[in-house]
Novice: 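What follows is a structure written as structure tokens; I'll ask about it next.
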Amino acid sequence: MANGKVLTGLGIGLAATLAFSGCSGAADDGTVTLQMVESLTNPARTELLETLIDEFEQENPGIEVELVSPPTDQADQKIQQMLQSGTGVDVLEVRDLTVGPFSTNGWLADMGPEFEGWKGWDALTDNAKNVATAGGKTYFIPYGFYGISLFYRTDLVEEAGFDGAPVSWEDLLEQASAIQDPEANTYGYAFRGGKNGYSNAALVIEAYVADDLDLENAYRLQNGDSMFAAPEALDAMELYIDLFEQASPPSSVAWGYPEMVEGFSNGSTAFLLQDPEVIAAVEQSTSITADQWTTAPMLVGPSGTAIQPLATAGWGVAEASEHRAESAKLIQFLSEGDASIRFTEGNSLVPILNGADEAEFYKTGAWESYLTMNEQPETYITAVQPRGVAWWTEWADKADAELQQVLIGQLTTEELLASWDAYWTEKWAAE
Amino acid sequence: MTTVEERPPTRAGAPAPATPAPAPRRRRAFTTRRGLVVAAFMLPAAIFVGVFIYYPMLAGSQMAFRHWNLSNLTDTSWIGLQNFATIFADPAFGVILGNSVLWVVASIVPQLVIGFALALWLRRKFRFRGLYQALIFFPWAISGFLIGILFRWMFNGEFGVVNDLLMKTGLIDQGIPWLAQPDTAMFAVIIANIWYGVTFFAIMILAALQSVPDELFEAAALDGAGKVRTLFQITIPYISTTLALTVLLRVIWIFNFPDIIWAMTGGGPANQTHIITTWMITFTQKGDYGVASALGLIVVGLLLVFSAFYLMALRGKKEVSS
């Protein structure tokens, strides 16, 4: 009797184990279920991605894809936890910020063998190929690029007596100061002093040292020093602090992405430096109409050139995935032809396919500035920031805190630059 | 709900009322067989607690002594006290420790006073009392993070309702960037926390007040005691155990409560509103679980020391008064 109960229990346990194991991986009929996790989640993007996945499933009846969409601010940590546990992820969104730590920990598969002979490779832009094959390995295929442009209020600029958008950082300071009117709740520049505030400080410094910058490592000068050690960096930072003190909302010392975009969208700030995905957000504003704003190219430094940092993200395969061939197939589907164009246009991204930027979509309205920048590569120089290093998050945290110290008067610009220079010099020396 | 035994105070000098001695409890003889049966019943619960509470706690604690950084998990070697040294060597640590103490003290005192006043008011019988109780207790049902987001917009320097009200009432001429200056930012997060935590004190104190017999108040009134004297000589002594435990619980919770600060300032500007637990979040975000675990152990240590001293002080006070 007792043995019977034990056998019954074992039978139930075995059945349960088999049932649960059927939830992922290959089913009895040979169908493979892929777990795909996205990172930069938003509802419209997820909907588009699900549509593309449906089309992929119809083309590939033996493969099913389950899309996991954690909230953006927790997504990278969730992905880390899933990768660390070694199960539950086949395809994942890899960002230029996460590729370093993920690959160092051996969590990302080198997709080289799966992508050998892939017909879509030749259609990729040089930038996309470069990013995809960093360090001789293919850890991810980018789905698009983020590029900064200057969002500005055409009406406020005109009312302040200027002919057009600012071209240089000095122009920006002049125009933003002229527009600043706190009593009317109108401010010049949507300053980023909170999370990732350091990124805009780096932009102004890069513009000031553009002629001497190492384009493969946009934090380093061609002579091997960090850009923070250059004398021009001090001029750049002083102008940037002036921009905060004379032409920005006082509370922008704490502004991150949502506050900046909100400040511009609700009509209280005249200028905003942001990625193109903000175009869609501002278009939905009920406070400013389409004829009140547009974008302008990146601001140049004293030498008349600007650095356009290349930020990107894409799709990769987990090292622990047991379905690499199927995962690669999905990534190839998303990275070529109509699917890729729809994804980049739907998310306002700079495309990865040759010729895709010649579509009408990229020639009109707020996208015109990107076309201008593409047509003048000597003025708007593309450079790669060292975002893939394992200590990037540590750097961002340190840089944000110290920039805020300058903004509230606890640190001088000289001390800030010395600290940043020492940090990078030490890190590079230890490599 | 109170879980503590509460006794009415005796008047000084009055002989203690004679209470009958409790009947001796019949003890059953302990046998090995009986012990095994008890252990067998307790085993599932013990395993559950061991697996889900003590194992993660110990596993987390040992990370504090290792290099445990998500940026490179190929090296998780034992580094002794290096993570602790990193914390103590950081110039921000002193500020953050001070902030943690300020955060607790400046939050808990107004919470206790206002919560007590609300509880006294709600104890009285009046029309729509139930509705008032529900409205006052409602904030406790909202997530702390949500409260933080709400207050972040209220204290926004340009568009916030706080500046708007102050300007309309003529108290200020121009908006104050509340969350952009260290002093005002700390003030703002504490205000938000006071608002949030008052209801907890009100709930606990109201529950305790409802256990105070009406006869005591009637007797005090007959003796000619005024409201203040009744409060300090009847009400507070009667519910002192509840008050003491509520304060202890709240100190521990507030010390470990990063939600509001995280949502309002993220610890900024320039780390000036960080408390230890929000600082710990920044380390987990950086993937440095070693330092984050070390901070976790420091928090546990500080709270253990505080709890020990607090309970000893209470016991000493009780012995003196008895």
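Proteins get letters first, then strands, A, B, ... in listed order; numbering begins at 1 in each.
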Novice: Could you have a look at A:Asn105, A:Thr393, A:Asp400, A:Ile408 and say which one has the most heavy-atom pairs with chain B under 4.5 angstrom?
Specialist: A:Asn105

Novice: Please classify the contact between A:Tyr187 and chain B as side chain, backbone, both or neither, with a heavy-atom cut-off of under 4.5 Å.
Specialist: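 Contact with chain B involves the side chain of A:Tyr187 alone.
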
Novice: Counting heavy atoms not belonging to B:Phe187, are there more than 12 under 6.0 Å from its CZ?
Specialist: no

Novice: Near B:Met42 CE, under 6.0 Å, is it more than 12 heavy atoms from other residues, nucleotides or ligands?
Specialist: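 No, because the 6.0 Å sphere around CE of B:Met42 holds 12 heavy atoms or fewer from other groups.
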
Novice: Using a 3.5 Å distance criterion without hydrogens, assess whether the side chain of A:Asp397 forms a donor-acceptor pair with backbone atoms of B:Thr282.
Specialist: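 Not a single qualifying donor-acceptor pair exists.
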
Novice: Using every non-hydrogen atom in the two residues, find where B:Ala180 and A:Pro250 come nearest and quote the distance to one decimal.
Specialist: CB-O, 3.6 Å

Novice: Can you tell which part of B:Trp153 gets under 4.5 Å to a heavy atom of chain A, answering side chain, backbone, both or neither?
Specialist: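 It is the side chain, since no backbone atom gets that close.
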
Novice: Between A:Gln80 and chain B, which part of the residue has a heavy atom less than 4.5 Å away: side chain, backbone, both or neither?
Specialist: side chain

Novice: Going by distance alone, is a donor N or O of one side chain under 3.5 Å from an acceptor N or O of the other, for B:Glu158 and A:Ser268?
Specialist: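 No, no side-chain donor-acceptor contact under 3.5 Å.
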
Novice: With side chains defined as the heavy atoms from C-beta onward, is the minimum distance between A:Gln410 and B:Gln272 less than 4.5 Å?
Specialist: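 Side-chain contact under 4.5 Å: yes.
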
Novice: Relative to chain B, which segment of A:Trp255 carries a heavy atom at a distance below 4.5 Å: side chain, backbone, both, or neither?
Specialist: side chain

Novice: Near B:Gln174 CD, under 6.0 Å, is it more than 12 heavy atoms from other residues, nucleotides or ligands?
Specialist: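 No - once you tally the heavy atoms of other residues, nucleotides and ligands closer than 6.0 Å, there are 12 at most.
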
Novice: Just wondering, are more than 12 heavy atoms of other shown residues or ligands nearer than 6.0 Å to NZ in A:Lys398?
Specialist: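 Count over threshold, so yes.
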
Novice: Under a 4.5 Å cutoff for heavy-atom pairs, which residue among A:Gly194, A:Gly193, A:Pro182, A:Ser251 has the most contacts with chain B?
Specialist: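 Heavy-atom pair counts peak at A:Ser251.
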
Novice: So which part of A:Glu262 gets closer than 4.5 Å to some heavy atom of chain B, the side chain, the backbone, both or neither?
Specialist: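 When you check distances to chain B, only side chain atoms of A:Glu262 fall under 4.5 Å.
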
Novice: Within a reach of under 6.0 Å around CZ of B:Phe88, are more than 12 heavy atoms found that belong to other residues, nucleotides or ligands?
Specialist: yes

Novice: Should we say atom NZ of A:Lys78 is surrounded by more than 12 heavy atoms from elsewhere, each under 6.0 Å from it?
Specialist: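 12 or below, so no.
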
Novice: Please assess B:Asn72 against A:Trp391 for the test side chain to side chain contact (heavy atoms under 4.5 Å, CB included), listing each intermediate value before the final yes or no.
Specialist: CA-CA 10 Å; B:Asn72 186 1; A:Trp391 62 83; over 6 Å; no

Novice: For the candidates B:Pro177, B:Gly287, B:Ala270, which exhibits the highest count of non-hydrogen atom pairs separated by less than 4.5 Å from chain A?
Specialist: B:Ala270

Novice: For A:Glu183, is it the side chain, the backbone, both or neither that has a heavy atom under 4.5 Å from a heavy atom of chain B?
Specialist: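 Neither; nothing under 4.5 Å.
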
Novice: So which heavy atom on A:Glu394 is nearest to which on B:Lys286, and how close?
Specialist: CA-CD, 3.6 Å

Novice: Report the C-alpha separation of B:Leu70 and A:Gln77 in whole Å, then their side-chain angles, then the decisive distance to 0.1 Å, and conclude whether the side chain to side chain contact (heavy atoms under 4.5 Å, CB included) test is met.
Specialist: CA-CA 10 Å; B:Leu70 279 182; A:Gln77 275 188 319; over 6 Å; no

Novice: Count the heavy atoms belonging to other residues, nucleotides or ligands that lie under 6.0 Å from CG of B:Asp75, then report whether that count exceeds 12.
Specialist: yes

Novice: Testing the basics here: between B:Leu179 and A:Ala254, what is the closest heavy-atom pair and its distance to 0.1 Å?
Specialist: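 Looks like O-CB, 4.1 Å.
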
